[in-house]
Each structure stands twice: as C-alpha cells, then as structure tokens.
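First up is the structure itself, then whatever we jot down about it.
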Amino acid sequence: MNFVSVFPVSLWLIAAGAFAIYHAIRAIYLIFFSPLAAFPGSPWAALGEYWEAYWNIGLSPGHKGQTLFKLEEMHKRLGPALRMGPNEVHIYDPAFYHELYRPGSRYYKDPSMHKVLGAPSSTLAESDPVRHKQRKAPLEPLFSKKNILSLEPMLMKHVDHCSQRFDETFAQGKPVSMEWALKSLAMDMVSQFAFGQSLDALSDPEFKSLPVRVFQQFLPSLHVIKAFPFVRLLSSLPLWIAKRISHSVEMGHELEQFATRRIDEYIAAAAAGKTPTFPTLMERMLIPLPEKGYVVPDKQGLRDELLTVISAGDDTTGIANTVTLFNIFNDRTIHDRLLAELKTLMPKPNSHVSYLQLEALPYLTAVIKEGLRYSSPAASRTPRLVPPGGVRLPDGRFIPAGTRVGMAIYHIHYNETIFENPRVFDPQRWLQGPEVAAERAKFLVPFSRGSRSCLGINLAYMEMYMAIAYIVRRFDLDLVGTIVEDMKWDDMVVPQFHGEFLALTKRRQD
Ligand code: HEM
C-alpha cells in the first residue's frame with residue numbers, strides 16, 4: 001500500500017488547489033490590503049524574504065550583496081519608507097535614525113530574527129531589554145575606556161608583531177595582502193581580550209589562519225540562512241555529512257567547535273590557577289553578579305558570547321583599517337599631511353607614544369572618523385520592532401506595532417544631504433570648524449547609537465588609532481596594482497571587496 005492509493009487522486013488535487021488558493025489569497029492580502037500596503041516596493045518583498053535573497057545571495061551575476069545598494073536607489077525614486085517584507089518597512093530618513101536607535105528607545109530587537117541568524121543566547125542577540133541589561137552587566141566595566149586603556153601594552157605587542165611580519169614579507173620580495181593582515185591583527189587583539197591568549201593569526205605565512213578564514217567565509221552564509229532558515233538545521237548533521245553539503249555549514253561547525261575548545265581550555269586553566277594577568281571576557285562571564293541579576297550562562301551561552309564578540313570585533317575593525325589605509329596611501333596629499341602630523345609626535349619611525357597622545361592628534365582623528373564613515377563596516381540595516389501604539393511617520397503614514405523597521409548605517413554615511421560628495425574620502429570634512437563638525441558627528445554612526453550600540457567602541461578606536469598611526473609612521477606602503485575599483489565592495493554581512501589590496505611594506509628610514 002502506498003500514499004497515493006490511500007488518498008485518491010481527487011483528494012491530492014483538492015489539497016493542491018487549497019494550497020494554491022491559500023497562497024493566492026495571502027499574496028493578494030499582503031500586496032493590496034495589509035496595513036503595510038501603503039508602502040511602495042517590490043511585490044516580491046511583500047511576500048517574503050525572496051526579494052532580499054534575490055539581490056543578496058548572488059544566484060545570478062551582479063546580484064551578490066546588492067540589497068543595500070538597490071534599496072538606496074529605490075529610496076531615491078520611491079521615497080523614505082519602503083516595503084521590505086510581509087511585516088517590515090525600511091526607512092531612509094536620517095532624522096528617524098535618532099528616534100529608532102536613541103538611548104532608551106522602545107524599539108527592541110526582533111527575537112525571531114536572531115533565532116534564525118544564530119548565537120541566540122548572546123548579548124548581541126538578546127532582545128528583551130531587562131535581560132539584555134543583566135547580560136551586559138559584567139561586560140560594561142570590561143569594555144569601559146578605563147579598562148581598555150589598560151590593554152595598551154597588549155595591543156602594542158600585536159602591532160609590533162604585525163610590523164615584524166611586514167618586514168619578513170618585504171624581505172622575501174612579496175607584497176602583503178593588507179585585508180588579511182589587518183584582520184589577523186584584529187583577530188589577535190580581540191582573541192587575547194576575549195580569553196587571555198591570542199590565536200596568533202599574525203604568524204600565518206599568508207595571514208590566512210583558520211579562525212580568520214572561518215569567520216570571513218561563514219558570515220556571508222547568513223544571507224542564505226535568513227532567506228532559507230531550514231539551512232541552519234544542516235549544522236545539526238554530523239560534520240562529515242555537513243562537509244559534503246556545504247562549505248559554510250562546515251565553517252559554522254568549525255566555529256562552534258573552536259569556541260567550545262577555548263571555553264574548556266579556559267575553565268581548565270582557571271581551575272589550575274593559570275588565568276591571565278588582565279581581565280578577559282571569559283573571566284568576567286564566569287563570575288555571577290546577583291545584585292545585577294547576572295547569572296553565569298550555560299555552555300551554549302558562553303559559546304554564543306565568545307563567537308559574537310570575536311566576530312563583531314574582528315572583521316569590522318579589520319575592514320575599517322583596510323579601507324582607511326588604502327585611502328591614505330592612494331592619496332599623497334592625505335598621506336603627506338598625516339605623516340607630517342605623526343612626525344611631530346613620533347620623530348623617528350620607531351618612536352613609541354601613548355594612545356592618549358595619538359587620540360589628541362586632530363588630523364589623525366579626522367582620518368579615522370572618515371575611515372569609519374567611508375568603510376561603514378556594519379553597513380546594513382539592523383531591524384527593530386515598532387513599540388505598542390505604532391508610529392506615525394512625518395508624511396502621515398502609520399506603521400502598526402510589531403512591524404519590523406530598519407535603517408542602514410551605510411545610507412546615513414552616504415547621504416548627500418549630510419555628507420557632501422560622500423563617495424570621496426575626505427578627512428577635511430571633519431575639520432571645518434567645531435559647529436559643522438559637531439553637526440556631522442551626529443550622523444557618524446558606525447557603532448550605531450543607544451542602548452544597543454557597539455560595546456566594543458573603545459577597543460575599536462584604540463585598535464584603529466594604533467594600527468593606522470604605527471603603520472603609517474613605520475612603513476611606506478607601495479600599492480601593487482591596487483586601484484579604487486578593487487576596493488568596491490558587496491554587502492556580504494560584512495563588506496567583501498571586488499579585488500585585493502596588495503602592498504609592498506617598505507620600512508621608512510626617517
Ligand atoms: C570598527 C569596528 C566596529 C564597528 C563598526 C562595530 C559596529 C557595531 C554595531 C553597528 C553594533 C550594533 C549592532 C546591532 O544593532 O545589532 C555593534 C554591536 C556590538 N559590537 Fe561592535 N563594532 C566594532 C568593533 C567591535 C569590537 C572590537 C568589539 C569587541 C571586541 C565589538 C563588540 C560588539 C558587541 C558585543 C555588540 C553587541 C552590543 C549589544 O547588543 O549590547 N564590536 N557593533
């Protein structure tokens with residue numbers, strides 16, 4: 001007996017017909033009658049994740065990581081609010097950014113989205129504001145400026161190691177792939193901060209150690225997982241099967257195993273009294289804070305935290321440094337002015353200065369701000385849910401409570417009304433008098449704003465100031481055939497460049 005003989009053909013036809021009618025009615029409702037029908041956009045977007053997947057996944061040429069740019073173009077044609085999904089609106093109005101992401105905002109993260117995207121029990125993914133505050137409690141003092149300043153010698157050690165690796169590669173007559181090298185530098189810094197021991201990514205001969213590659217290759221797969229959540233289930237398969245199905249799933253497995261190993265090693269070392277001499281993420285996460293409602297998470301929670309912090313801190317800072325350095329060495333005017341300023345503080349190429357001294361340099365500061373604007377490492381939208389009562393937009397349209405709304409940092413940073421000639425890398429725009437600079441600073445939001453903004457902001461700034469200042473002062477990078485076109489990028493969760501930034505890393509003599 002088989003299924004077809006149990007259910008006659010007519011029943012199958014009725015079931016298929018009912019299915020088709022249900023979806024046709026659903027489509028008509030979503031496109032023409034839903035409360036979001038007033039918002040223009042592609043009808044495919046109204047039906048599901050299909051439109052976004054079509055522009056992001058890259059099944060056809062020119063359609064990889066393009067949703068962000070497509071949205072920009074559509075907003076310019078169709079207005080500041082677009083239909084982005086059955087229950088989602090996308091906004092392109094800088095003034096609304098400060099409403100959506102302000103401190104105390106009641107627009108919370110959407111838990112369903114983070115369940116799909118992974119690491120659901122991390123601070124980054126926690127949507128409930130009370131639980132988020134509790135979860136953040138041990139991390140806040142760790143990420144404070146005071147504590148980050150105490151990490152300066154550790155960061156300096158990695159900058160020196162990076163310089164030594166540049167020398168070795170130069171001696172072999174080979175160019176350095178700057179993106180890989182700078183991501184390795186960021187990886188060593190953030191891994192030591194997270195569990196007290198760096199992953200020594202800088203020692204890899206090509207700067208392509210497994211952890212750096214794994215994060216780089218896993219993140220773009222989030223586009224696929226978002227559109228087809230069942231893909232996530234593949235990660236529960238045994239590794240040998242998963243490997244045959246998808247490289248990204250294999251990478252996801254690698255990541256989880258890597259984090260679990262690190263946690264076990266850390267706990268074993270702590271039990272043997274061998275903890276690092278400076279506070280680390282792991283150490284803080286393992287101490288309960290009953291007065292703040294913080295309970296030590298289970299293994300899965302620790303793993304999620306470790307993975308999100310390393311991933312949040314590696315690619316982002318690596319990308320920001322890559323883009324900033326390319327633009328410095330691609331424009332002699334910017335380069336010469338920055339070098340001249342650095343020489344006032346660091347008379348010799350091997351001079352050492354403190355981070356606080358670097359932070360006080362006006363042109364370096366302008367270059368770093370512009371690097372963060374121009375690179376926008378966390379470029380895409382970070383959606384939130386509309387709070388009870390809904391929201392009325394300035395044009396009178398209403399968005400009901402529970403709708404997802406999102407804005408993209410890239411759209412703020414590349415908005416011509418705020419930043420003139422946004423596609424030009426121009427540090428000078430930050431030096432046009434305190435009033436103009438203050439007005440522009442309101443819209444410099446690489447780390448987002450409000451209670452869900454980046455916890456790692458102080459560490460990220462310190463990494464950037466130190467990497468940019470020491471590399472520019474020590475090395476005269478000679479771009480090996482890299483042109484502006486190579487630095488164009490697709491939005492694959494983090495920017496993915498079209499070409500490679502290759503440079504001969506020659507030491508300066510004076
Ligand atoms: C240039 C470098 C960086 C940029 C541009 C950046 C950007 C961001 C942005 C935009 C968010 C908010 C995401 C959201 O709304 O969902 C965020 C959150 C976060 N970032 Fe960063 N980040 C950087 C570096 C770092 C570093 C170095 C670390 C840690 C070592 C870090 C750790 C975190 C954490 C833990 C969160 C979650 C905060 C929370 O939800 O309370 N980030 N980052």
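Ligands are counted one by one from 1 in listed order, and the atoms in each one are counted from 1 as well. In this chain, numbering begins with 1 at the start of the sequence shown.
Those atoms of ligand 1 with a heavy atom of K136 less than 4.0 angstrom away are 41 (O). Ligand 1 places these atoms under 4.0 Å from at least one heavy atom of V309: 29 (C), 30 (C). Atoms of ligand 1 lying under 4.0 Å from at least one heavy atom of I409, given by number and element, are 10 (C). Within the listing of ligand 1, atoms 40 (O), 41 (O) sit less than 4.0 angstrom from a heavy atom of T123. Near T382, meaning under 4.0 Å from any of its heavy atoms, are these atoms of ligand 1: 14 (C), 15 (O), 16 (O). Atoms of ligand 1 lying under 4.0 Å from any heavy atom of L459, numbered from 1 in the order shown and given with element: 30 (C).
Note on ligand 1: K109 sits in its first shell, one or more heavy atoms being nearer than 4.0 Å. Judged by the shortest distance from any of its heavy atoms, F143 lies inside the 4.0 Å radius around the atoms of ligand 1. The shortest heavy-atom distance from H132 to ligand 1 is under 4.0 Å. Ligand 1 has no atom lying under 4.0 Å from any heavy atom of I319. Put simply, part of R384 is less than 4.0 Å from ligand 1, judged by heavy atoms.
The shortest side-chain heavy-atom distance between F39 and M84 does not fall under the 4.5 Å cut-off.
A salt bridge does not link R449 to E99: none of the charged side-chain nitrogens sits closer than 4.0 Å to a carboxylate oxygen. Salt bridge absent: K157 and D188 never bring a charged side-chain N and a carboxylate O closer than 4.0 Å. Salt bridge status for K226 with E52: present, with a side-chain N to carboxylate O gap under 4.0 Å. Ionic pairing of E370 and R440 is not present here: no N-O contact between side-chain nitrogen and carboxylate oxygen is shorter than 4.0 angstrom. Electrostatic pairing of E420 and R429 does not count as a salt bridge here, judged by no charged N lying under 4.0 Å from a carboxylate O. The pair K208-E179 does not meet the salt-bridge criterion, since no charged nitrogen lies less than 4.0 angstrom from a carboxylate oxygen.
The protein heavy atom nearest to atom 10 (C) of ligand 1 is P446 O, 3.4 Å. Closest to atom 30 (C) of ligand 1 among all protein heavy atoms lies V190 CG2, 3.4 Å. For atom 37 (C) of ligand 1, the closest non-hydrogen atom on the protein side is L124 CD1, 3.3 Å. When only non-hydrogen protein atoms are considered, atom 12 (C) of ligand 1 lies nearest to R452 O, 3.5 Å. Ranking protein heavy atoms by distance to atom 38 (C) of ligand 1, first place goes to S453 O, 3.6 Å.
Not one N or O of E305 is nearer than 3.5 Å to an N or O of ligand 1, by distance alone.
F425 and Y374 have perpendicular rings, their planes meeting at more than 60° on a 0 to 90° scale where under 30° would count as parallel. By the 30° and 60° cut-offs, the orientation of the rings of Y461 relative to Y465 is tilted.
Contact annotation: for K133 versus ligand 1, there are no heavy atoms closer than 4.0 Å. Heavy atoms of M464 found under 4.0 angstrom from ligand 1: none, in either backbone or side chain. Counting heavy atoms under 4.0 Å from ligand 1, residue L139 does not touch it at all.
Residue pairs meeting the side-chain hydrogen bond (donor to acceptor under 3.5 Å, both in side chains) criterion with at least one partner in residues 313-328, sequence neighbours excluded, are K183-D315.
Between the side chains of Q257 and R303, no donor-acceptor pair of N or O atoms lies under 3.5 Å.
Around atom CZ of F69, more than 12 heavy atoms belonging to other residues, nucleotides or ligands sit under 6.0 Å away. More than 12 non-hydrogen atoms from other residues, nucleotides or ligands lie less than 6.0 angstrom from NZ of K70.
Atom 21 (Fe) of ligand 1 has C454 SG as protein N, O or S atoms under 2.8 Å away.
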Could you walk me through whether R381 and H411 satisfy the side chain to side chain donor-acceptor pair (under 3.5 Å) test, starting with their C-alpha distance in whole Å, then the side-chain angles of each, then the deciding distance to 0.1 Å, before giving a yes or no? CA-CA 9 Å; R381 74 190 193 283; H411 293 157; over 6 Å; no

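Cation-pi geometry between R373 and Y414 is met: under 6.0 angstrom from the ring centre, within 45 degrees of the axis.
Y470 and H158 have their aromatic ring centers separated by at least 6.0 angstrom.
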